[in-house]
Amino acid sequence: MADALGKVPDAEIDPEGTFKYILVRIKVKDGTEHKDIVRGTKSAGQYHNHIFEKVTPAITALGLECNCLGGGKIEHNSKDKKLRVFGESTGYGKADHSVSVEKLKSVFKDYEITWSDNKE
């Protein structure tokens, strides 16, 4: 079952713009093996939980469990290859942006990625 963790990408975000994101911990059911993933999209609308509601069925279909560790926003500038992580989720609280940035770096290797605790 641990190989199911490896099948889940570390980060999936929209290709451009500013949008909400969540940091999610996925783990093997009844086990201790886990990993954190980043998911972000404009289609979430006003609420971070819309992202979580979209992610959960895909994760549980792999036989894994998931819980949201927090959220924020990502500003994605694909032209300049820059990502900025900031803000917080009203419902889930602030994600650990430093963890989120490490996950993003594993996918966006040639990007400049920064984070701050500022709300905007």
Side-chain angles (χ1 to χ4, degrees):
M1 192 55 75
D3 60 327
L5 287 174
K7 292 178 181 168
V8 180
D10 283 353
E12 290 180 343
I13 63 170
D14 281 358
E16 189 69 35
T18 302
F19 45 84
K20 294 181 185 316
Y21 92 92
I22 56 173
L23 181 63
V24 178
R25 175 154 295 163
I26 60 173
K27 72 178 208 73
V28 176
K29 280 189 181 172
D30 303 319
T32 56
E33 283 190 81
H34 69 272
K35 82 177 206 176
D36 297 337
I37 61 171
V38 171
R39 296 295 182 267
T41 180
K42 280 185 220 164
S43 67
Q46 289 184 283
Y47 303 106
H48 287 86
N49 68 311
H50 292 166
I51 305 170
F52 191 64
E53 289 167 3
K54 189 176 166 187
V55 169
T56 301
I59 299 302
T60 55
L62 295 171
L64 301 169
E65 298 175 334
C66 60
N67 70 303
C68 186
L69 301 176
K73 290 183 179 177
I74 294 175
E75 182 182 311
H76 188 173
N77 180 334
S78 59
K79 184 173 74 77
D80 294 336
K81 294 192 172 192
K82 290 183 179 182
L83 290 170
R84 183 172 72 100
V85 181
F86 63 99
E88 63 186 37
S89 163
T90 304
Y92 294 122
K94 185 179 79 66
D96 184 337
H97 295 325
S98 65
V99 172
S100 302
V101 164
E102 289 309 308
K103 295 296 169 181
L104 290 164
K105 282 180 178 177
S106 72
V107 175
F108 297 90
K109 295 176 178 19
D110 57 345
Y111 269 58
E112 177 188 325
I113 305 174
T114 59
W115 67 272
S116 77
D117 286 331
N118 296 339
K119 294 191 191 268
E120 293 300 321

Exercise for the section: Using a strict 4.0 Å threshold on nitrogen-to-oxygen distance, state whether Lys94 and Glu88 make a salt bridge. Expected result: no
Problem - Arg25/Asp36 salt bridge by N-O under 4.0 Å criterion - result: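 Here Asp36 pairs with Arg25 in a salt bridge, since their nearest N and O are under 4.0 Å apart.
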Problem - Test side chain to side chain contact (heavy atoms under 4.5 Å, CB included) applied to Leu5 and Glu33, step by step - result: CA-CA 8 Å; Leu5 287 174; Glu33 283 190 81; 3.9 Å; yes
Please report the closest heavy-atom contact between [X] and [Y], naming both atoms and the distance.
X: Thr18; Y: Lys42; value: O-CG, 3.9 Å
X: Pro57; Y: Thr60; value: O-OG1, 3.2 Å
X: Lys35; Y: Asp10; value: NZ-OD1, 3.0 Å
X: Val85; Y: His97; value: CG1-ND1, 3.4 Å
X: Phe86; Y: Asn118; value: CB-O, 3.6 Å
X: Arg39; Y: Val55; value: CG-CG2, 3.6 Å

Exercise for the section: Step through the shown structure and confirm whether more than 12 heavy atoms of other residues, nucleotides or ligands are within 6.0 Å of CG on Asp30. Expected result: no
Handout entry: Over 12 non-hydrogen atoms of neighbours within 6.0 angstrom of CZ in Phe108
Key = yes
Separation between [atom1] of [X] and [atom2] of [Y], rounded to the nearest 0.5 Å:
X: Leu104; Y: Glu12; atom1: CG; atom2: CD; result: 11.5 Å
X: Lys20; Y: Ile13; atom1: NZ; atom2: CD1; result: 15.5 Å
X: Thr56; Y: Leu64; atom1: OG1; atom2: CG; result: 11.5 Å

Would [X] end up clustered with [Y] when hydrophobic side chains under 4.5 Å apart are linked, directly or stepwise?
X: Phe19; Y: Leu83; result: yes
X: Leu23; Y: Val101; result: yes
X: Tyr92; Y: Tyr47; result: no
X: Val28; Y: Leu62; result: yes
X: Leu69; Y: Ile59; result: no

Exercise for the section: List the steps, then state whether side chain to side chain contact (heavy atoms under 4.5 Å, CB included) holds for Val24 with Ile51. Expected result: CA-CA 10 Å; Val24 178; Ile51 305 170; over 6 Å; no
Problem - Aromatic ring proximity His76/Tyr21, centre distance under 6.0 Å - result: no
Using modelled atom types only, decide if a donor and an acceptor are shared between the side chain of [X] and the backbone of [Y] within a distance under 3.5 Å.
X: His50; Y: Ala44; result: yes
X: Asp96; Y: Ser98; result: yes
X: Asp14; Y: Glu16; result: no
X: Asn49; Y: Phe52; result: no

Exercise for the section: Among Glu112, Lys73, Glu75, find the one that has a side-chain contact (heavy atoms from CB on, under 4.5 Å) with Arg84. Expected result: Glu75
Exercise for the section: Identify, with sequence neighbours excluded, every residue that meets side-chain contact (heavy atoms from CB on, under 4.5 Å) alongside Asp110. Expected result: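 Counting only residues at least two positions away or on another chain, Asp110 forms a side-chain contact (heavy atoms from CB on, under 4.5 Å) with Lys81.
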